[in-house]
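These values consider heavy atoms only, across backbone and side chains, with no hydrogens, waters or symmetry-generated copies. Bear in mind the structure is a predicted one, so any value in this text is a computation, not a measurement.
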Amino acid sequence: MNKKSSLKKLKMSTITAFRWYLALTFFIYGTKIYPGQFSTGDFIFDSTKDSAMQLAWHFFGYSHPYNLFIAFGELTAALLLLIPRTATLGNIIYLPITVNITILNYCFGIPALGISSVLTLMSISLLLFEYKKLRMIFLANPVIGKESIQPKKIKKQVNIN
């Protein structure tokens, strides 16, 4: 086995491992929204004894439709990541969700900061692995037909002898 094929296999193995890990994580996150990841009910915030995380958890727990929206986004991204043909689209959906989670974790002192940072870096890495494909889709300026295709007119000739 030569060095080039070994590197290609390593790259493909890394991409597959990242995709599956990200998908599994969001399947877990997406399904735990249903029983209630966030606090619900009456809440009076006391800044002297309540944490910023408690405030965030009650804020997100206030709206059931919002929780369903979050769960739907996470589960959709996870499912798309598992299918090789849709994995890039799944990651494009995944990245803003995980960046949002990471920023919330930093801002509100939520202890899942490490895992959310790793998920964000893995998602960014997957996009970097797909740079050529994404560049072709989003940045390439293909020349769109300057000439229109005209049907050829066929002249019928009649030979009389």
Side-chain angles (χ1 to χ4, degrees), residues 1-40 50-149:
M1 187 180 326
N2 63 22
K3 186 176 180 179
K4 190 173 183 176
S5 67
S6 296
L7 288 175
K8 186 173 181 174
K9 285 183 182 184
L10 177 63
K11 177 183 174 184
M12 295 309 296
S13 298
T14 303
I15 289 171
T16 303
F18 280 14
R19 282 182 30 232
W20 279 84
Y21 185 79
L22 292 173
L24 177 64
T25 305
F26 261 22
F27 272 126
I28 293 168
Y29 282 158
T31 55
K32 77 178 182 176
I33 293 281
Y34 174 70
Q37 174 183 1
F38 303 117
S39 306
T40 57
D50 293 330
S51 69
M53 180 179 162
Q54 286 176 307
L55 178 63
W57 249 232
H58 277 281
F59 174 77
F60 289 120
Y62 182 78
S63 173
H64 183 67
Y66 180 73
N67 285 322
L68 293 176
F69 176 74
I70 291 172
F72 179 74
E74 290 174 345
L75 293 173
T76 300
L79 182 64
L80 290 172
L81 275 167
L82 292 178
I83 303 166
R85 292 187 76 139
T86 61
T88 304
L89 175 61
N91 193 33
I92 289 171
I93 294 170
Y94 196 100
L95 183 61
I97 297 171
T98 193
V99 165
N100 184 47
I101 292 168
T102 303
I103 290 170
L104 285 169
N105 290 347
Y106 272 104
C107 293
F108 290 94
I110 298 169
L113 184 59
I115 186 67
S116 65
S117 298
V118 168
L119 295 175
T120 300
L121 291 174
M122 289 173 79
S123 182
I124 290 169
S125 298
L126 282 178
L127 286 179
L128 291 175
F129 281 131
E130 300 290 342
Y131 175 75
K132 288 180 183 176
K133 182 195 308 184
L134 293 171
R135 193 179 94 216
M136 291 292 292
I137 294 170
F138 294 111
L139 300 177
N141 294 322
V143 177
I144 299 176
K146 291 183 178 180
E147 308 173 352
S148 61
I149 299 174

What distance separates [X] [atom1] from [Y] [atom2], expressed to the nearest 0.5 Å?
{"X": "Ile101", "Y": "Ser117", "atom1": "CD1", "atom2": "OG", "result": "11.0 Å"}
{"X": "Tyr131", "Y": "Met136", "atom1": "OH", "atom2": "CE", "result": "11.5 Å"}
{"X": "Leu121", "Y": "Phe18", "atom1": "CG", "atom2": "CZ", "result": "9.0 Å"}
{"X": "Ser116", "Y": "Asn100", "atom1": "OG", "atom2": "CG", "result": "10.5 Å"}
{"X": "Asn2", "Y": "Leu7", "atom1": "CG", "atom2": "CG", "result": "9.0 Å"}
{"X": "Ile15", "Y": "Leu10", "atom1": "CD1", "atom2": "CG", "result": "10.0 Å"}

Worksheet item: So, does Gln54 use its side chain to make a donor-acceptor pair with the main chain of Ser51 at under 3.5 Å?
Response: yes
Worksheet item: Tell me, which pairs form a ring-ring contact (aromatic ring centres under 6.0 Å, His included) where one or both residues lie in residues 83-127, sequence neighbours left out?
Response: Phe26-Tyr94
Worksheet entry | With Lys133 via side chain to side chain donor-acceptor pair (under 3.5 Å) - residues at least two apart | Thr88, Glu130
Worksheet item: For Thr98 and Ser123, what are the C-alpha separation, side-chain angles and deciding distance, and is it a side chain to side chain donor-acceptor pair (under 3.5 Å)?
Response: CA-CA 8 Å; Thr98 193; Ser123 182; over 6 Å; no
Item to complete: Let me see the working for Met122 and Thr25 under side chain to side chain contact (heavy atoms under 4.5 Å, CB included), right down to the final yes or no.
Response: CA-CA 12 Å; Met122 289 173 79; Thr25 305; over 6 Å; no
Item to complete: Check salt bridge (charged side-chain N to carboxylate O under 4.0 Å, His left out) between Lys8 and all other residues, then give those that pass, not counting sequence neighbours.
Response: none
Practice prompt. Any salt bridge (charged side-chain N to carboxylate O under 4.0 Å, His left out) involving residues 105-115? Give me the pairs, sequence neighbours left out, ordered by first then second residue.
Written response: none
Worksheet item: Minimum heavy-atom separation for Pro111 to Met53, with atom names?
Response: CD-SD, 3.5 Å
Worksheet entry | Those residues that, when tested against Leu127, pass side chain to side chain contact (heavy atoms under 4.5 Å, CB included) (two or more places apart) | Asn91, Ile92, Leu95, Leu134
Worksheet, complete the sentence: Residues passing the side chain to side chain contact (heavy atoms under 4.5 Å, CB included) test with Ile115, sequence neighbours excluded, are Tyr21, Tyr29, Ala112, Leu119
Side-chain donor-acceptor contacts of residues 76-86 below 3.5 Å, not counting sequence neighbours, with atom names and distances?
{"residue": "Thr76", "atom": "OG1", "partner": "Phe72", "partner atom": "O", "Å": "2.7"}
{"residue": "Thr86", "atom": "OG1", "partner": "Leu80", "partner atom": "O", "Å": "2.8"}
{"residue": "Thr86", "atom": "OG1", "partner": "Ile83", "partner atom": "O", "Å": "3.3"}

